[in-house]
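Worksheet: the structure to be examined is printed underneath.
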Amino acid sequence: MFDYLIKNGLIVNGKKEKAFPGAVGVKDGKIAEVFHSAEGLPQLPGNRILDAKGGYVTPGFIDIHRHGDWEALRNGDDELLNRQGLTTVVNGNCGLSVAPAGERYAREIMDFLGSVTGDPSCGYGGRNGNQNAEGDSRSKRCDKVPPAATMAEYMTALGHTKRSVNTGMLAGNGTIRASVKGYASGKLSREEQKAVWKALEESMEAGALGVSLGIAYAPEFEYDREGLVEALQPLKNSDIPITVHVRNEGDGELMAMREIIAVAKALHIPLHVSHLKCIGKKNWGKRPREILKLFDEAVADGVQVDFDLYPYLTGSTQLVHVLPPECQQGGTEAILARLSDPVCRKKLTEILQKPSDEFENIVELAGLDKIYASTLHTAEYAPYAGQSIAEIAGQLGRDPYDTLYDILLAEKCRVTMLDTIASEEDMLYFLADERANLISDAIYPAGGKYHPRVCGAFPKLLVDYVRDKKVFSIEDAIYKMTAKPAGVLHMERGILDVGMPADINVFHLENLAVPADFDHPDRFCTGFDYVMVNGQIVVEKDIWRNSGCGQVIPGWKGV
């Protein structure tokens, strides 16, 4: 009757309904039956019965905000995803998707994205602690840039990759602009605007789930509010969401939120704010309440708004992002030229030492003692990976601002940073909101140390804030990791219901462990009895199976 019967579990169906004892029958990759009782269950051979032994049975977790665009094409992160209960992921976030890169500016785009998505021409270089011989050999086979000129090329390649996790993709608005104009400053010409529209339309037709924006990053910060509305015109009056890394998460955050709400309202499209946080101690406490009030007002005004965040107080992004926008214009070579100029460096230091609501001044908000260079590649600086800019400067006997510029110069801006920027009180306040989704915002730079959220974000919520601190109920936490994110991107997943894909986790809260930390960020989670993707077991008692049973999540067909 069934391929598998999961019995003796507490069912948390993803819909925030109270957990109940029951069983789940799986057939042909789908949920065939959900039993609300342990009585009268069908008889199956022993190898087809999965005994939950009083543990929770939940939908597989869904992470709609990762940057594993290249890893998806080489199975580089399948195991670490499945081992934390992730059965579906979405890449291409923050406007920084690897496709559609076009042809003319493709190399420049890949260089710019390297500190977030990694080097497309090399293997999975950042994680080594859990990599076995098969993984090493597999990664070395990637000796050329995978196809990414168009979203269709990328999605075709993704479809040929047999993953053990379901994978979707967003079209990056920044990459689309860069594919047309590179990282040059200024407004788009009429012909360039038409090319942007064409790339956006073709990306949606190819199966992108939505459009991601990274207005804080080059070249997307070249758009003002009207420019964003114009660039996104093909989405107007659709249900296609924009997922947005806003222009400023520090002193100018309210202004940045008003900007993107106005864009969504002008286009009549859903708005999803990425990795919501308030950077800088002076902004903690009051600002989160102002933001949610602003969202309430937007909803009352007819704008659909929700958001996501990760369960850590330390973020991770490109180190070059600490520079003001005018210093990031023109691409990597232009940035390096400015950083080589003593006059520019002096002016830059003066800017970074002062508060600003015009750009997200992380240096002033967090301090160089809280900004860590996590991925470094050169012989000169690689030994300092994981240390703060202030610590590195102290060891070298240099000014910390000059050290920052010297690192960016030597590494050609291909540096990832960790920055301790947020408040736990703010994080929990945001996460308690009905509109909140849990994400990882995992980035994949080659070399150095990853953020532990790459391997542990989802079980961390369960371990820290459901089991240990009892901040959230199991039902509410699972909803934020399953049905809620599925709904944001219109994916038919995330609920234990008849007819839904059989993406299922079985675990005991008391057994879950998240060993990944900032010293050892590449340690896998443990404690999952079973993880199932499309009706096939991919994890059993912490043993991973490279099943190849994942699917490409289909997106919109036309706009």
Side-chain angles (χ1 to χ4, degrees), residues 63-81 86 89-103 105-128 131 135-172 174-176 178-179 203 206-209 212 214 217 316-318 374-375 377 413-416 440-448 450-451 453-455 522 546 550 552-553:
D63 188 353
I64 59 173
H65 193 117
R66 294 185 83 90
H67 294 276
D69 303 24
W70 291 138
E71 295 308 308
L73 297 189
R74 52 179 171 248
N75 301 103
D77 60 347
D78 290 34
E79 182 176 3
L80 72 83
L81 295 171
L86 283 167
V89 298
V90 178
N91 294 313
N93 281 276
C94 294
L96 304 175
S97 62
V98 300
E103 300 285 354
Y105 299 104
R107 187 69 262 172
E108 189 177 2
I109 291 170
M110 298 313 152
D111 285 345
F112 180 78
L113 299 181
S115 56
V116 173
T117 60
D119 186 345
S121 63
C122 71
Y124 188 25
R127 180 175 60 84
N128 49 42
Q131 202 164 20
D136 288 337
S137 174
R138 183 174 59 221
S139 69
K140 290 176 182 176
R141 290 203 296 267
C142 182
D143 57 359
K144 63 180 181 179
V145 176
T150 66
M151 184 62 71
E153 285 185 2
Y154 180 88
M155 296 300 282
T156 297
L158 184 61
H160 291 158
T161 304
K162 299 300 181 183
R163 304 199 75 194
S164 60
V165 62
N166 305 307
T167 310
M169 190 69 173
L170 297 170
T175 296
I176 288 174
S179 73
S203 294
L209 290 162
S212 72
Y217 295 119
S316 182
T317 187
Q318 300 158 303
S374 55
T375 57
H377 308 88
C413 296
R414 292 173 64 86
V415 187
T416 304
S440 69
D441 192 15
I443 66 176
Y444 293 80
Y450 282 9
H451 193 298
R453 66 191 183 188
V454 174
C455 287
D522 52 3
N546 187 8
V552 176
I553 303 297

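Heavy atoms only: backbone and side chains are in, while hydrogens, waters and symmetry mates are out. The first residue in the sequence is number 1, and the count goes up from there.
Listed here is the closest heavy atom pair of Ser115 and Pro445: O-CB, 3.5 Å. Nearest approach of Gly159 to Val552, heavy atoms of both residues: CA-CG2, 3.7 Å. Heavy-atom minimum distance, Ala171 versus Ser203: CB-CB, 3.7 Å. The minimum heavy-atom distance linking Glu103 with Ala149 is given by the pair OE2-CB, 3.6 Å. Nearest heavy atom pair, residue Val415 against residue Thr375, reads CG1-O, 3.3 Å. Residue Tyr217 comes nearest to Cys94 through the heavy atom pair CD1-O, 3.9 Å, listed as atom of the first residue, atom of the second, then distance.
Side-chain atoms of Val90 and Leu170, non-hydrogen and from C-beta on, do get closer than 4.5 Å to each other. In this structure, the side chains of Asn91 and His67 stay at 4.5 Å or more apart for every pair of heavy atoms. Asn546 places none of its side-chain heavy atoms less than 4.5 Å from the side chain of Glu79.
Rounded to the nearest 0.5 angstrom, Arg414 CZ and His377 NE2 are separated by 6.0 Å. For the atom pair CE (Met155) and CD1 (Ile553), the distance works out to 9.0 Å, reported to the nearest 0.5 Å. Going from atom CD of Glu71 over to atom OG1 of Thr161 covers 11.5 Å, rounded to the nearest 0.5 Å. Considering OG of Ser212 and CG of Leu96, their distance stands at 7.0 Å, rounded to 0.5 Å. Here the SG-CG distance, from Cys413 to Asp111, works out to 10.5 Å after rounding to the nearest 0.5 Å. Atoms OH and OH, on Tyr444 and Tyr450 in that order, are 7.5 Å from each other to the nearest 0.5 Å.
With Asn166 contributing its side chain and Gly550 its backbone, the two residues share no donor-acceptor pair below 3.5 Å. Put simply, the side chain of Asp69 never gets that close to the backbone of Thr117: no donor and acceptor are under 3.5 Å apart. Side chain of Ser97 to backbone of Gly92: no donor-acceptor contact under 3.5 angstrom is found.
A search for side chain to side chain donor-acceptor pair (under 3.5 Å) contacts involving Arg163 returns Asp77, Asp78, Thr167, not counting sequence neighbours. Residues passing the side chain to side chain donor-acceptor pair (under 3.5 Å) test with Ser179, sequence neighbours excluded: none. Partners of Ser316 by side-chain contact (heavy atoms from CB on, under 4.5 Å), not counting sequence neighbours, listed by chain and number: Thr416, Leu418, Ile443, His451, Arg453.
Using modelled atom types, one finds a donor on one side chain and an acceptor on the other under 3.5 Å when comparing Arg66 with Ser440.
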Would you please test Tyr105 and Met110 for side-chain contact (heavy atoms from CB on, under 4.5 Å) and show each step?
-> CA-CA 9 Å; Tyr105 299 104; Met110 298 313 152; over 6 Å; no
